[in-house]
2 protein chains.
Amino acid sequence: MKKAAPTPQPARGPIDHEVRDQIVTAATEHFSRYGYEKTTVSDLAKAVGFSKAYIYKFFESKQAIGEMICANCLREIEAEVMAAIAETDQPSEKLRRMFKGFTEATLRLLFRDRKLYEIAASAATERWAAVVAYEERVQALLKEILQEGRQSGDFERKTPLDETAAAIYLVMRPYFNPLLLQHSFDYTDAAPGQLSGLVLRSLSP
Amino acid sequence: MKKAAPTPQPARGPIDHEVRDQIVTAATEHFSRYGYEKTTVSDLAKAVGFSKAYIYKFFESKQAIGEMICANCLREIEAEVMAAIAETDQPSEKLRRMFKGFTEATLRLLFRDRKLYEIAASAATERWAAVVAYEERVQALLKEILQEGRQSGDFERKTPLDETAAAIYLVMRPYFNPLLLQHSFDYTDAAPGQLSGLVLRSLSP
DNA sequence: ATAGTGACCATATTACCAAATGGTCACTAG
DNA sequence: CTAGTGACCATTTGGTAATATGGTCACTAT
């Protein structure tokens with residue numbers, strides 16, 4: 001019962017085209033150097049060597065370009081966390097790493113890639129498709145770990161899986177949603193540990 | 001080992017003075033009707049019938065007045081939640097009510113008293129003394145409930161109390177910090193229930 | 001001494017207009 | 001037909017001068 005995201009691929013023009021990639025590359029460069037707002041579509045056009053109008057043959061809007069970059073960014077974070085998770089077999093340790101990994105990666109986005117954060121913030125506020133998809137994937141990842149833990153006997157099996165997953169997601173959310181994380185700087189050191197602890201206690205059989 | 005809050009009573013002039021109360025009354029009225037930013041100190045002076053300069057005999061700044069109002073507001077929320085908690089004896093039910101009560105009260109502040117929310121937001125962002133004190137009181141309340149539950153045998157006793165309290169506080173925080181709550185509207189219905197459930201599972205002996 | 005204020009200052013806000021930006025489209029070159 | 005664009009429009013944004021606001025202080029009246 002899962003409908004396609006509101007804007008799965010509203011892309012214009014040929015999906016697979018050299019110029020499209022050039023635009024994305026230029027946008028990544030410009031957005032992360034000068035920021036999303038400060039970069040104009042004309043800047044990107046100049047960088048690619050075409051006219052502004054041509055950009056719009058490939059992207060519906062500036063936001064659509066931002067959405068690409070943002071999606072890449074989120075995929076990167078996700079990949080990093082998944083790598084950390086894959087290093088261990090214990091479901092409980094996976095949960096801990098998931099928590100810590102997302103917090104650190106999001107934090108890095110906020111500090112190291114300050115400019116890109118700007119996009120992520122807009123994306124989260126306006127609930128761009130890329131963000132909705134990201135959140136869904138994170139929830140799916142969480143559910144996988146939970147199921148694995150249930151099968152291995154590490155986690156309790158009484159509470160409905162969906163409820164457990166939803167609750168744990170709510171616990172984690174403030175630490176990988178950039179908007180929320182912003183208001184939790186004082187806690188980012190201790191929170192992942194303390195909260196994984198609490199969550200794992202709640203999962204004990 | 002608890003130091004006094006950074007600004008316990010930086011109040012100017014006589015603490016107990018009719019005019020001070022009049023100012024607070026007028027400020028409550030104006031702030032909740034027109035908003036904190038839109039209300040000028042001169043407006044308050046006019047409402048009270050004195051000159052603007054006289055206001056400053058009682059308050060160090062406009063923010064100090066806002067802090068008063070904000071503190072009242074928070075005390076009200078707190079009182080309401082404490083009343084709901086006092087209705088039951090079961091520590092687990094107390095926790096549930098605490099969670100639900102704070103969420104609903106904060107939500108009401110956000111919607112019904114939209115104008116006052118403006119102050120609460122500034123207060124939370126800039127960590128005014130009133131907010132710091134409020135957070136400390138909430139944590140203390142939480143600890144009380146936990147200790148009660150431990151003594152009655154309802155809650156586990158292995159995990160250090162301070163750690164349990166800190167973790168649960170982190171779970172609750174997004175729902176009674178106005179800044180965070182703002183980004184969680186989609187979850188305010190389900191979250192208190194689901195999260196109390198998770199927390200209580202983590203507390204089971 | 002106490003209750004109270006007008007006049008004043010530095011900064012923040014507003015109001016306004018010119019320039020810049022996101023976005024479209026009819027059009028040309030090949 | 002395809003690749004590409006200059007000219008154009010409505011809306012934002014940026015800059016700036018005028019105004020309003022937070023805050024102080026020397027001062028008066030009692």
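Note that these values count all heavy atoms, side chains included, but never hydrogens, waters or copies made by symmetry. Protein chains get the first letters and strands the later ones, always in sequence-line order, with residue 1 at the start of each.
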* To the nearest Å, give me how far apart CD1 (B:I23) and C1' (C:dA3) are. =>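 After rounding, the reported distance stands at 13 Å.
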
To the nearest angstrom, the CD-P distance between A:E67 and C:dG22 comes to 17 Å

Can you name the residues that form a ring pair (Phe, Tyr, Trp, His ring centres under 6.0 Å) with [X], not counting sequence neighbours?
X      : value
A:F155 : none
A:H183 : none
A:F31  : A:Y36

**Study point:** Approximate separation, where rounding is to 0.5 Å, of B:L142 CG and B:L95 CG
**Key:**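 Spacing of CG (B:L142) from CG (B:L95) equals 6.5 Å.
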
Please enumerate all residues that pass salt bridge (Lys or Arg N to Asp or Glu O under 4.0 Å) together with [X], with sequence neighbours excluded.
X      : answer
A:E87  : A:R97
A:R75  : none
B:E163 : A:R201
B:E144 : none

The correct set of residues in residues 35-56 of chain A placing a heavy atom under 4.0 Å from DNA chain C is A:T39, A:T40, A:V41, A:K52, A:A53, A:Y56

With five pairs defining each end axis, the helix from C:dA1-D:dT30 to C:dG30-D:dC1 comes out bent, to 10°, by 20°

The side chain to side chain contact (heavy atoms under 4.5 Å, CB included) partners of B:A166 (sequence neighbours excluded) come to A:Q194

What pairs of residues pass the side-chain hydrogen bond (donor to acceptor under 3.5 Å, both in side chains) test when at least one of them lies in residues 26-35 of chain B, not counting sequence neighbours?
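Counting only pairs at least two positions apart or across chains, the side-chain hydrogen bond (donor to acceptor under 3.5 Å, both in side chains) contacts touching residues 26-35 of chain B are B:E29-B:R33.
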
Hey, where on DNA chain D does chain B first and last touch, going 5' to 3'? Cut-off is any atom under 4.0 Å from a heavy atom.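 Reading along DNA chain D, I get D:dT21 to D:dC25.
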
